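Quick note on labels: first sequence line is chain A, next is B, and so on, each numbered from 1. Nothing here was measured: the structure is a model prediction, and the numbers come from that model.
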Amino acid sequence: MIPFNLRRLGQLAGIALLGSTLGACVTSRMENVRQEATGIAEGEGVVIMAKSYHLGNETEANFISCIGDSIGRGSTGLRVIPNREFVDALFPWFEPRTAPAETKGLPALMARPGVAETIREKGVRYIIWLDGDTDKVAGGGSMSCAAGPGGGGCFGFAWWQKDANYDATVWDLTGLEDAGTVSADVSGTSFLPAIVIPIPLIARTQAKACKGLADQLKLFIVSDESV
Amino acid sequence: MVFGGTKTPAMALTNGLANASIPTWEPGNLMSRWLKTIFVTILFATLSGCGGSKVMLHDPTIPEPLIDQMPITVVARFPEEFDNFVHEEQVIGKEKWTIDLGQANKLLFTQLFGSMFSDFSVIASDVDARSLPIDALIEPSIDAFEFSVPNQSQTDEFAVWIRYRIKIFDNEGVQIANWPIAAYGKSQTTTFGGDNALRQAAVLAMRDAAALIIMQMDKETGISELSAARARQEEAPPTNLPAEENLQSTAAEEPPDDSL
């Protein structure tokens with residue numbers, strides 16, 4: 001019978017953790033297309049919105065909150081107005097059905113009663129519209145696990161690839177114009193080899209896309225470079 | 001054989017758990033425990049498959065809309081189903097989901113119409129609206145309520161569809177509009193968990209309906225014209241309404257007569 005104790009379990013967990021940190025491979029590409037000069041003053045902030053699911057967008061809620069958290073974090077963090085607070089304050093003009101799809105709808109929206117005043121009160125300078133999602137695009141391998149009175153284990157090898165493609169379009173509410181777009185294209189392949197114990201080598205594709213996109217967005221907004 | 005390693009100070013924190021979960025196991029005991037664990041797991045999995053989930057949504061609110069009120073006097077009459085609306089969905093081969101909206105629809109429409117019209121109140125079902133000094137009577141109802149759970153859609157999303165119907169009558173009881181509206185909301189399981197995701201999807205569908213009503217109601221039904229119509233009616237000398245006019249005003253609900 002296989003000797004079993006907590007120390008051995010700890011060693012195996014350590015190996016698995018090390019493997020998950022080192023093993024998987026991720027490639028990423030960030031791009032931005034600037035259309036207008038940007039910049040942000042004290043007291044001004046941004047709000048992160050997902051493009052409407054009425055238009056087929058499937059951006060994950062956890063990705064939206066990840067971008068909001070990442071943009072607001074750190075010494076260079078921007079002021080982020082919570083999405084729900086913004087949408088509620090401007091009800092019903094930023095609901096999935098009613099939110100403007102293009103900047104040319106902004107002048108009419110700002111002319112509606114109370115809209116421009118509420119946006120000014122909230123200190124919203126930019127709306128960042130997120131579009132895209134993370135999908136599993138390929139996978140393979142096989143693994144089988146068995147357990148019996150004497151113990152259990154898994155044997156085999158599995159892998160899968162996920163692609164995270166996101167676009168963040170920045171609208172400047174001061175000039176009512178499209179300031180530009182930042183894109184993140186991240187591909188990650190995860191592996192799961194198993195010889196008794198499965199060792200997950202997970203590619204954190206979505207997390208990488210979140211961090212990359214948030215860092216680029218911060219640079220894009222605070223940069224005062226002209227077009 | 002006895003399982004368990006040498007105890008060290010570093011393991012002190014885990015000793016309680018280790019002692020509890022890894023006692024001196026004999027192979028026979030071990031097998032017996034494994035079988036018990038497997039049996040209990042299968043039992044729970046089976047029972048949860050037979051059971052169902054019930055989601056309650058009793059006090060949804062919509063934010064105060066940023067709109068100008070229409071200067072008309074409106075009353076609403078709600079159907080009985082608005083007092084306690086319950087919908088069940090049996091996913092074939094899977095669990096049953098029940099959503100209990102209670103009086104949520106009544107609260108939604110009361111708040112919504114209260115924000116849209118300068119003078120709004122709710123009347124009981126036995127009140128004759130023609131005896132009231134109003135411009136319009138609104139009767140909302142639910143034509144259909146559907147939802148899908150992740151098992152059905154093969155995604156991690158709950159989606160809710162609600163089809164409301166809004167009938168509008170003028171102060172003489174003549175129906176001037178019969179407007180069906182379809183609202184939709186969806187929410188991801190990963191964010192809110194199963195029950196909360198379905199509740200959130202239902203709230204989003206109701207907000208969607210409210211947004212659509214605010215945006216389109218006047219365009220689709222012409223309700224704001226009724227105030228002017230009543231003013232003209234009050235200024236005009238009283239006459240007996242010709243029978244043809246009454247027939248014409250309800251003709252929109254009847255198939256066109258091509259016999260002429």
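Summarising the geometry, atom CD belonging to B:Gln188 is positioned 8.0 Å from atom CD belonging to A:Glu58; distances are rounded to the nearest 0.5 Å. Taking CD of B:Glu64 as the start and CG of A:Asp88 as the end, the distance is 12.0 Å to the nearest 0.5 Å.
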Problem set entry | Test side-chain contact (heavy atoms from CB on, under 4.5 Å) applied to B:Met215 and A:Glu95, step by step | CA-CA 11 Å; B:Met215 298 260 304; A:Glu95 295 298 300; over 6 Å; no
For this session: Evaluate the side-chain contact (heavy atoms from CB on, under 4.5 Å) criterion for residues B:Ile67 and A:Trp93: first the C-alpha distance (whole Å), next the side-chain angles of each, then the deciding distance (0.1 Å), finally the verdict.
Result: CA-CA 10 Å; B:Ile67 50 172; A:Trp93 307 117; 3.7 Å; yes
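Considering all non-hydrogen atoms of both residues, A:Val87 and B:Arg207 come closest at CG1-NH2, 3.7 Å. Residue A:Arg97 comes nearest to B:Ala182 through the heavy atom pair NH2-O, 2.9 Å, listed as atom of the first residue, atom of the second, then distance. Taking both residues in full, the closest heavy atoms of B:Ala210 and A:Phe91 are given as CB-CZ, 4.0 Å, listed atom of the first, atom of the second, then distance.
Two residues are said to be in side-chain contact when any heavy atoms from C-beta on lie closer than 4.5 Å; A:His54 and B:Asp208 meet this criterion. When side chains are defined from C-beta on, B:Leu66 does not count as touching A:Arg112, because their heavy atoms never get closer than 4.5 Å.
Using a 4.5 Å cut-off between heavy atoms, A:Thr118 contacts chain B through its side chain alone, with no backbone atom that close. Both the backbone and the side chain of B:Leu212 come within contact range of chain A, judged by heavy atoms closer than 4.5 Å. Residue contact with chain B, scored on non-hydrogen atoms closer than 4.5 Å, is absent for A:Pro96.
The number of heavy atoms from other shown groups lying within 6.0 Å of CD1 (A:Ile195) does not exceed 12. Atom NZ of A:Lys162 sits in a sparse spot, with 12 or fewer heavy atoms from other residues, nucleotides or ligands closer than 6.0 Å. Residue A:Arg204 places its CZ atom among 12 or fewer non-hydrogen atoms of other residues, nucleotides or ligands, all under 6.0 Å distant.
At a heavy-atom separation below 4.5 angstrom, chain A is approached by no residue within residues 97-108 of chain B.
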